[in-house]
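Okay, so here's the structure we're looking at.
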Amino acid sequence: MKKLRESLWNKVFTYDIDLYTRYLWNRMEDFSTLILGETGTGKGAAAMAIGKCGFIPFDEKTGCFTESFINSFVSLNLSQFSENLIESELFGHKKGAFTGAQKDRSGLIREADGGTLFLDEIGELPLSLQKDFLRVLQEYRLRPLGSDREVKSNFRLISATNRDLNEMVKKGQFRKDLLFRINAFMLSLPPLR
């Protein structure tokens, strides 16, 4: 647990606080984090600790932060949704894009703009959506379902899984390039037993 706390601290601030303040505080979206661990080990709590520690400017005139720490963290457990719903939840949709789409929905990727997107159970992301999600991570642009234009969203990604993603890559169930992209920094949580 001590090593885990040190890893979390280093993920938030790096080993050198001066390096963080000079170069990294406004580029945290470039460093995706993958959290590995068994069910119930606190992957969500670790993600929240990292995600809510991003830089938020302080307005000295009002004596408040310019944004809410809570609003800068958006999460989705991918194991709770079907493939079609995952696509809509992540990318959003336009009214009429599919049966039941009665109004526009921005999607969680756009809601995370300027903050952190936490995808729990990333191993459940359908193979058919992995290419589109990889494109979003590379270009920070996406096209909501039913839309004819792209929108930008700049966010930091934290993902978690209890599955062996390397084994899934070998079996053709998870894209190798996506695994590389989501794994700039990896944390392994120890089993609670």
Side-chain angles (χ1 to χ4, degrees), residues 1-37 41-78 88-94 103-122 132-144 147 149-161 178 180-189:
M1 291 307 291
K2 183 178 178 186
K3 287 180 185 179
L4 172 61
R5 284 193 300 275
E6 288 172 359
S7 293
L8 282 169
W9 178 259
N10 289 328
K11 171 56 184 153
V12 173
F13 293 112
T14 76
Y15 295 95
D16 179 353
I17 194 71
D18 292 329
L19 178 68
Y20 173 82
T21 56
R22 283 194 317 263
Y23 301 109
L24 300 178
W25 70 266
N26 64 348
R27 297 201 48 221
M28 292 308 288
E29 67 275 358
D30 294 343
F31 303 97
S32 298
T33 301
L34 177 61
I35 302 172
L36 304 175
T41 55
K43 296 184 294 291
M48 207 174 294
I50 295 167
K52 290 188 177 182
C53 288
F55 175 77
I56 296 179
F58 185 78
D59 185 349
E60 293 194 21
K61 291 179 184 174
T62 63
C64 298
F65 288 97
T66 59
E67 297 175 35
S68 166
F69 286 92
I70 295 168
N71 293 339
S72 65
F73 186 82
V74 178
S75 67
L76 178 68
N77 185 327
L78 296 172
S88 176
E89 287 289 317
L90 285 176
F91 297 99
H93 61 260
K94 301 298 273 180
K103 61 181 181 176
D104 289 355
R105 179 158 169 31
S106 62
L108 295 179
I109 293 172
R110 286 180 64 198
E111 288 178 27
D113 188 26
T116 300
L117 175 64
F118 172 50
L119 295 181
D120 199 4
E121 302 303 343
I122 189 73
D132 295 332
F133 188 63
L134 177 62
R135 183 174 173 263
V136 171
L137 293 177
Q138 292 171 334
E139 301 173 13
Y140 297 104
R141 302 184 70 76
L142 66 136
R143 185 183 311 258
S147 178
R149 65 183 198 100
E150 291 186 333
V151 293
K152 291 188 88 168
S153 184
N154 199 12
F155 61 94
R156 172 175 37 176
L157 176 69
I158 301 174
S159 42
T161 187
L178 179 58
F180 175 78
R181 190 72 180 187
I182 67 173
N183 194 13
F185 183 85
M186 186 181 67
L187 281 175
S188 248
L189 301 191

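Between Asp120 and Lys43, the shortest heavy-atom contact is OD1-CE, 4.4 Å. The minimum heavy-atom distance between Asn154 and Asp113, with the atom names listed, is N-OD1, 2.7 Å. Of all heavy-atom pairs spanning Ala160 and Phe118, the tightest one is CB-CE1, 3.7 Å. Scanning all heavy atoms of the two residues, the minimum distance from Ser75 to Phe73 falls at CB-CE2, 4.1 Å. Considering all non-hydrogen atoms of both residues, Gln138 and Arg181 come closest at CA-NH2, 3.5 Å. Summarising the geometry of Ile158 relative to Ala47, their closest heavy-atom pair is CD1-O, 3.5 Å, with the distance given to 0.1 Å.
Phe133 and Phe91 have perpendicular rings, their planes meeting at more than 60° on a 0 to 90° scale where under 30° would count as parallel.
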The test is side chain to side chain contact (heavy atoms under 4.5 Å, CB included); show your working for Leu90 and Leu119 and say whether it passes. CA-CA 10 Å; Leu90 285 176; Leu119 295 181; 3.7 Å; yes
Set out, in order, the CA-CA distance, both residues' side-chain angles and the distance that settles side chain to side chain contact (heavy atoms under 4.5 Å, CB included) for Leu36 and Thr161, then state yes or no. CA-CA 5 Å; Leu36 304 175; Thr161 187; 3.6 Å; yes
Side chain to side chain contact (heavy atoms under 4.5 Å, CB included), that's the test. Do Phe155 and Val136 meet it? Break it down for me. CA-CA 10 Å; Phe155 61 94; Val136 171; 3.9 Å; yes
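Residues Thr116 and Ile50 have side chains not in contact (no heavy-atom distance under 4.5 Å, counting atoms from C-beta outward).
More than 12 non-hydrogen atoms from other residues, nucleotides or ligands lie less than 6.0 angstrom from CD of Glu139.
Put simply, CG on Asn183 and CG on Leu178 are 10.5 Å apart, with the number rounded to the nearest 0.5 Å. A distance of 10.5 Å separates CG of Asp132 from CZ of Arg143, quoted to the nearest 0.5 Å. Atom CG of Leu34 and atom CG of Leu157 lie 9.0 Å apart (nearest 0.5 Å). A distance of 10.5 Å separates CG in Leu142 from CZ in Arg149, rounded to the nearest 0.5 Å.
A donor-acceptor pair is defined here as one N or O able to donate and one able to accept, closer than 3.5 Å; no such pair exists between the side chain of Arg110 and the backbone of Val151. Listed for the Ser159 side chain is no donor-acceptor partner under 3.5 Å among the backbone atoms of Ile122.
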